[in-house]
Every structure is written in structure tokens, then in C-alpha cells.
Undergrad: 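Take this structure first; my questions come after.
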Amino acid sequence: MKTNKVTRIGMMIAVAFVLSYLESLLPLQIGIPGVKLGLSNIVVVLCLYSCSAAETFGIALVRILLCGLTFGSLYTMLYSFAGGVLSFAVMLFLKKWNGFSVYGVSIAGGVCHNIGQIVVAILVLQTELLIYYFPFLLLSGCIAGVAVGFVAGMLVKRLRGIF
């Protein structure tokens, strides 16, 4: 692996980690547990458009592991992993299909992240009643996806050719 590629990947992991930390400091409490902006997903969306799929997946997984070990627990890592893997797979598919803009890819990623988390929560807690929570997660995933897509879209345009 070339030195500049290793540097870029390390930098993206660091930026995603810092964004996760900054998000944990934000007093964004809307009364729904687990609802976050997902600022570190800006890095994942940016990498989808500027790195290989394997590099992007690795960056996402390392960020989940680092944040889980630093700020969370085994359960938060499990939820993040499920959401992250499903989100990544759907975003990669939609990006390769070329039928969606950065916004669309990001919104789908936000929604799928929440779907992955709710499925794992239902399995771990062994209650289907959590499905009633899904409409709120769907809305928050769309809102977060728009915000992440906006920032990531600007970065993709600005960094094209540089990255």
C-alpha cells in the first residue's frame, strides 16, 4: 500500500473518530434514545466517492471499533456495527447504480443505519414492541441523512481531484 494511501486512510479514521467525539459533546437530546446526527458518517460518504469500497468499509469498521471501545460498550458496538454494515452496503449499491445523488445515498444510509440498529435491538431485547420506535428512527435517519449529505456533497465537490 502506498504511503499516501495509508496516510489518507489514517486521516479519515482520525477525522471520523474526532467527529464522533465532538458529537458526543453536543447536548442534542430530543427525548428519543439513540438519535444522533451521525457526523462521522460525513467521512464514510466522502470516502464512498473518493476511496475504494474496501478502504471505505475498513475506515467505517475501525471507527466503530475505536468509538465503541472509547465511548461505548459491547452493545453500542453491536448496534453501530449492524447499522454501519447495512448502511454501507446500501450506500455502496446506490452509489454504484448512479441513480442517486450524494443526498439520496446519504439519506438511504441514515435510514438503513437505523434499520440495522432496530433489528439488532429487537433481537437482543427479544421484544417486537421496539418496531413502534421505527417511525421516529426513520424520520431521524432522513433528517440526519440530509445534513450529512449536504456536508459530504460539498466536500466531494471541493476535494475532487485532490483526494
Side-chain angles (χ1 to χ4, degrees), residues 1-24 34-121 123-124 137-138 140-163:
M1 193 179 287
K2 294 182 181 178
T3 304
N4 62 348
K5 186 183 280 192
V6 172
T7 303
R8 182 179 64 218
I9 290 169
M11 182 180 67
M12 291 293 102
I13 291 169
V15 169
F17 183 74
V18 168
L19 287 173
S20 290
Y21 175 69
L22 290 175
E23 185 170 25
S24 74
V35 171
K36 300 186 320 180
L37 279 173
L39 295 177
S40 63
N41 291 324
I42 294 168
V43 173
V44 175
V45 175
L46 172 63
C47 289
L48 272 174
Y49 287 88
S50 60
C51 299
S52 73
E55 291 167 354
T56 303
F57 188 65
I59 289 165
L61 288 183
V62 170
R63 197 257 331 144
I64 289 167
L65 180 65
L66 285 174
C67 291
L69 291 172
T70 307
F71 312 122
S73 66
L74 181 60
Y75 286 112
T76 58
M77 277 196 295
L78 183 62
Y79 295 136
S80 292
F81 179 75
V85 169
L86 182 59
S87 174
F88 171 79
V90 169
M91 288 192 303
L92 181 65
F93 173 77
L94 294 177
K95 185 229 174 222
K96 286 185 181 251
W97 189 28
N98 288 326
F100 289 85
S101 67
V102 174
Y103 282 102
V105 169
S106 178
I107 292 168
V111 169
C112 288
H113 195 277
N114 288 342
I115 290 171
Q117 288 183 324
I118 198 82
V119 167
V120 168
L123 293 173
V124 168
L137 290 176
L138 180 66
S140 73
C142 287
I143 293 169
V146 167
V148 166
F150 176 74
V151 175
M154 286 189 336
L155 290 172
V156 166
K157 287 179 187 172
R158 298 244 157 92
L159 296 176
R160 189 164 277 146
I162 298 172
F163 213 133

Undergrad: Looking at L48, V45, L46, which hits side-chain contact (heavy atoms from CB on, under 4.5 Å) with V156?
TA: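 Between V156 and the candidates, side-chain contact (heavy atoms from CB on, under 4.5 Å) is satisfied uniquely by L46.
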Undergrad: Show the nearest heavy-atom pair for residues F150 and Y103, with the distance to one decimal.
TA: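 Closest heavy-atom pair between F150 and Y103: CD1-OH, 2.9 Å.
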Undergrad: Rounded to the nearest 0.5 Å, what separation is found between the OG atom of S52 and the CD1 atom of I9?
TA: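 With rounding to 0.5 Å, OG (S52) is 7.0 Å from CD1 (I9).
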Undergrad: Is a side-chain N or O of E55 found less than 3.5 angstrom from the main chain of C47, in a donor-acceptor match?
TA: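 The answer is no, because no donor-acceptor pair under 3.5 Å joins these two groups.
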Undergrad: So, taking the atom named CG in L37 and the one named CG in L22, what distance separates them when rounded to the nearest 0.5 Å?
TA: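 Separation between the atoms: 12.0 Å.
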Undergrad: Let me see the working for I118 and N114 under side chain to side chain contact (heavy atoms under 4.5 Å, CB included), right down to the final yes or no.
TA: CA-CA 6 Å; I118 198 82; N114 288 342; over 6 Å; no
Undergrad: Return the minimal non-hydrogen interatomic distance between I64 and G84, and the atom names on each side.
TA: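 That closest heavy-atom pairing would be CD1-CA, 4.2 Å.
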Undergrad: Sequence neighbours left out, what passes ring-ring contact (aromatic ring centres under 6.0 Å, His included) with F71? Give chain and number order.
TA: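 For F71 the ring-ring contact (aromatic ring centres under 6.0 Å, His included) partners, ignoring immediate neighbours, are F17, Y21.
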Undergrad: Using atom types as modelled, flag every donor-acceptor pair under 3.5 Å from a side chain in residues 73-80 to any protein atom, sequence neighbours excluded.
TA:
residue	atom	partner	partner atom	Å
S73	OG	Y75	N	3.3
S73	OG	T76	N	3.4
T76	OG1	S73	N	2.7
T76	OG1	S73	O	2.8
S80	OG	T76	O	3.0

Undergrad: Give the intermediate values and the outcome of side chain to side chain contact (heavy atoms under 4.5 Å, CB included) for residues F81 and L65.
TA: CA-CA 8 Å; F81 179 75; L65 180 65; over 6 Å; no
Undergrad: For C142 and V111, what are the C-alpha separation, side-chain angles and deciding distance, and is it a side chain to side chain contact (heavy atoms under 4.5 Å, CB included)?
TA: CA-CA 6 Å; C142 287; V111 169; 3.7 Å; yes
Undergrad: Let me confirm one number: the SG-CE distance from C51 to M12, rounded to the nearest 0.5 Å.
TA: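 Reported to 0.5 Å precision, the distance equals 7.0 Å.
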Undergrad: Could you pull out the closest heavy-atom pair between V102 and G149, with the gap in Å?
TA: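 Closest pair (atom of V102, atom of G149, distance): CG1-O, 3.8 Å.
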Undergrad: Looking at side-chain heavy atoms only, is the closest gap between I107 and V146 below 4.5 Å?
TA: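 Counting from C-beta outward, I107 and V146 do come under 4.5 Å.
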Undergrad: Measure the spacing between NE2 of H113 and CG of N41 and express it to the nearest 0.5 Å.
TA: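 Answer for the NE2-CG pair, H113 versus N41, is 5.5 Å.
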Undergrad: For a quick test of reading the model, state the closest non-hydrogen atom pair linking V44 to M91 and the distance between them.
TA: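 So the two residues come closest at CG1-CE, 3.8 Å.
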Undergrad: Check each of V18, I59, L155 against V43 using the side-chain contact (heavy atoms from CB on, under 4.5 Å) test, and report the only one that passes.
TA: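 Going through the options one by one, the only one that passes is I59.
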Undergrad: Could I get the full list of ring-ring contact (aromatic ring centres under 6.0 Å, His included) partners for F88, not counting sequence neighbours?
TA: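 Scan of F88 (ring-ring contact (aromatic ring centres under 6.0 Å, His included), adjacent residues dropped) gives F57.
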Undergrad: Are any side-chain N or O atoms of S140 and backbone N or O atoms of L137, one a donor and one an acceptor, separated by less than 3.5 Å?
TA: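 At least one qualifying donor-acceptor pair exists.
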Undergrad: Measuring from S40:OG to I13:CD1, what's the distance to the nearest 0.5 Å?
TA: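 Rounded to the nearest 0.5 Å, the OG-CD1 separation comes out at 12.0 Å.
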Undergrad: If I compare all heavy atoms of A82 with all of G116, which pair ends up nearest, and what's the gap?
TA: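 Answer, listing the atom of A82 first, then G116: CB-O, 3.7 Å.
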Undergrad: Over all heavy atoms of both residues, which pair between S87 and G109 is shortest? Give the atoms and the distance, please.
TA: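 Heavy atoms of S87 and G109 come nearest at OG-O, 3.0 Å.
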